[in-house]
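Each remark here refers to the structure printed beneath this line.
No experiment lies behind these values; they were computed from the predicted model shown. Residue numbers begin at 1 in each chain, while the letters A, B, ... track the order of the sequences.
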Amino acid sequence: MTTAQEVRLRLSCVPDPEIPVLTIEDLGILRDVAVDGAHVTVTITPTYSGCPAMEEIRADIRSALEGLDVEVRTVLSPAWTTDWMSDDGRRKLAEYGIAPPRRTSGPVPVLLGGLTCPQCGSRDTEELSRFSSTACKSMWRCRSCREPFDHFKDH
Amino acid sequence: MSAAGLLERYTLRLGDDCLVLGQRLSEWAARAPSLEEDVALLNVALDQLGTARSLLGAVGDEDALAFLRDEPDWTNALLMELDGGDFGRTMARQLLVSAYQVPLWSALTSSTDAVLAGVAGKAVKEARYHLDHATSWVLRLGDGTEQSHRRVQAGLDAVWPYAFELFEADELTTSLVQQGVAADPALLQPVWRESVEQVLAEATLTVPDTGWRPTGGRTGRHTEAFGYLLAELQHLHRSHPGASW
């Protein structure tokens with residue numbers, strides 16, 4: 001008999017196809033797991049409207065839950081926000097070389113000014129382009145170590 | 001026309017706007033002035049396409065709607081189907097579109113229709129990036145060199161008259177606005193006008209002065225350019241009906 005906990009354990013290895021250090025749980029894409037007898041309902045929410053990774057994520061979810069009677073539901077509301085990204089997720093991003101998103105709301109105010117360079121830690125950084133290789137990222141450069149890096153946009 | 005029919009038609013208009021614009025922006029792939037701009041324009045196109053898919057999917061089969069409808073059945077505004085022209089014209093058109101989409105999606109987040117509200121909740125954040133991007137380019141080109149100023153002004157002059165179709169009201173919008181489903185075009189227009197004119201003034205560009213108001217997109221009467229756009233969009237699917245990979 002499958003429990004929601006077991007399902008979540010299986011889903012904990014489903015990575016983001018573009019940024020494989022993050023799982024769909026880290027990203028806040030996985031919204032809910034419900035088990036009703038033998039039927040499992042996994043609810044996910046897309047990040048950006050046109051994110052092409054969502055198809056692969058759906059396929060990976062079904063694959064991770066092979067053998068179970070699974071329905072993958074996509075909900076648009078409430079709209080996904082990077083505020084749902086776990087602290088663990090932010091840490092993993094920084095280690096991977098991508099500047100993590102800053103909080104867009106909450107008691108801690110968003111810090112103005114440059115992001116922290118994931119390579120050398122300097123805050124003397126500048127945005128090169130609001131758009132980068134995927135919808136969720138922007139392109140930055142560190143003026144200190146001169147390395148470019150991606151920023152997972154505050155959304 | 002039934003209530004469900006009105007909602008579908010309105011949803012389709014919004015979806016067609018996004019799909020046609022996304023298609024036009026995609027034409028910049030490998031042709032933009034710089035690599036960063038190539039990436040930027042395609043990001044904007046992808047956001048539009050994603051929004052279009054959600055909207056078309058709510059009306060029917062998204063593939064059938066995108067690939068098998070002929071011109072008279074498309075209900076996008078003419079502004080979206082215009083040839084992008086040079087980079088200046090594309091940015092001028094994008095400014096006009098995004099300055100409309102931001103208040104549009106913002107208003108629709110309170111739509112009584114759950115699908116529209118959900119789609120709008122995501123699209124409004126993306127539309128703000130698009131508006132920032134178009135604004136910064138219109139400023140740079142307008143308040144730039146003599147050549148950039150002249151060319152972006154020409155681009156703006158070419159697309160300006162088409163913007164007004166976005167704010168036309170008809171029986172459909174009037175009825176749906178009353179039901180709290182649709183965004184009221186009369187409320188969107190002054191917001192749009194103010195934000196656009198502010199950017200144009202700072203860009204040292206002139207607001208075009210023409211009374212010509214082309215229209216017809218909402219009732220399937222499209223420009224000559226649209227035929228070519230549909231041909232490119234639909235040719236592959238129509239040549240291999242039922243194919244998949």
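Both the backbone and the side chain of V119(B) come within contact range of chain A, judged by heavy atoms closer than 4.5 Å. Proximity to chain A (any heavy atom under 4.5 Å) is shown, for L49(B), by neither the backbone nor the side chain. Only the side chain of M139(A) has a heavy atom closer than 4.5 Å to any heavy atom of chain B.
Within 6.0 Å of the CD atom in E127(A), the count of heavy atoms belonging to other residues, nucleotides or ligands exceeds 12. By the 6.0 Å contact criterion, CD on E197(B) is enclosed, its count of non-hydrogen atoms from other residues, nucleotides or ligands being greater than 12. The neighbour count for R89(B) CZ, taken as heavy atoms of other residues, nucleotides or ligands under 6.0 Å away, is above 12.
The aromatic rings of Y129(B) and Y48(A) sit parallel, their planes meeting at an angle under 30°, below the 60° perpendicular limit.
With rounding to the nearest 0.5 angstrom, the NZ atom of K122(B) is 5.5 Å from the OG atom of S49(A). Taking CG of D47(B) as the start and SG of C51(A) as the end, the distance is 10.0 Å to the nearest 0.5 Å. For the atom pair CG (D38(B)) and CZ (F131(A)), the distance works out to 13.0 Å, reported to the nearest 0.5 Å.
Scanning residues 20-31 of chain B against chain A with a 4.5 Å heavy-atom cutoff picks out nothing at all. Below 4.5 Å, heavy atoms of chain B meet no heavy atom from residues 61-68 of chain A.
Residue pairs meeting the ring-ring contact (aromatic ring centres under 6.0 Å, His included) criterion with at least one partner in residues 96-121 of chain B, sequence neighbours excluded, are Y100(B)-F167(B).
Note: L76(A) leads T74(A), V75(A), L76(A) in heavy-atom pairs under 4.5 Å with chain B.
Proximity of a side-chain donor or acceptor of N43(B) to a complementary backbone N or O of S132(A) within less than 3.5 Å is detected. The main-chain N or O of W80(A) is found under 3.5 Å from a side-chain atom of K125(B) such that the two form a donor-acceptor pair.
By the 4.5 Å heavy-atom criterion applied to side chains, L128(A) and E36(B) are not counted as neighbours.
Residues satisfying the salt bridge (Lys or Arg N to Asp or Glu O under 4.0 Å) criterion with R58(A), sequence neighbours excluded, are E55(A).
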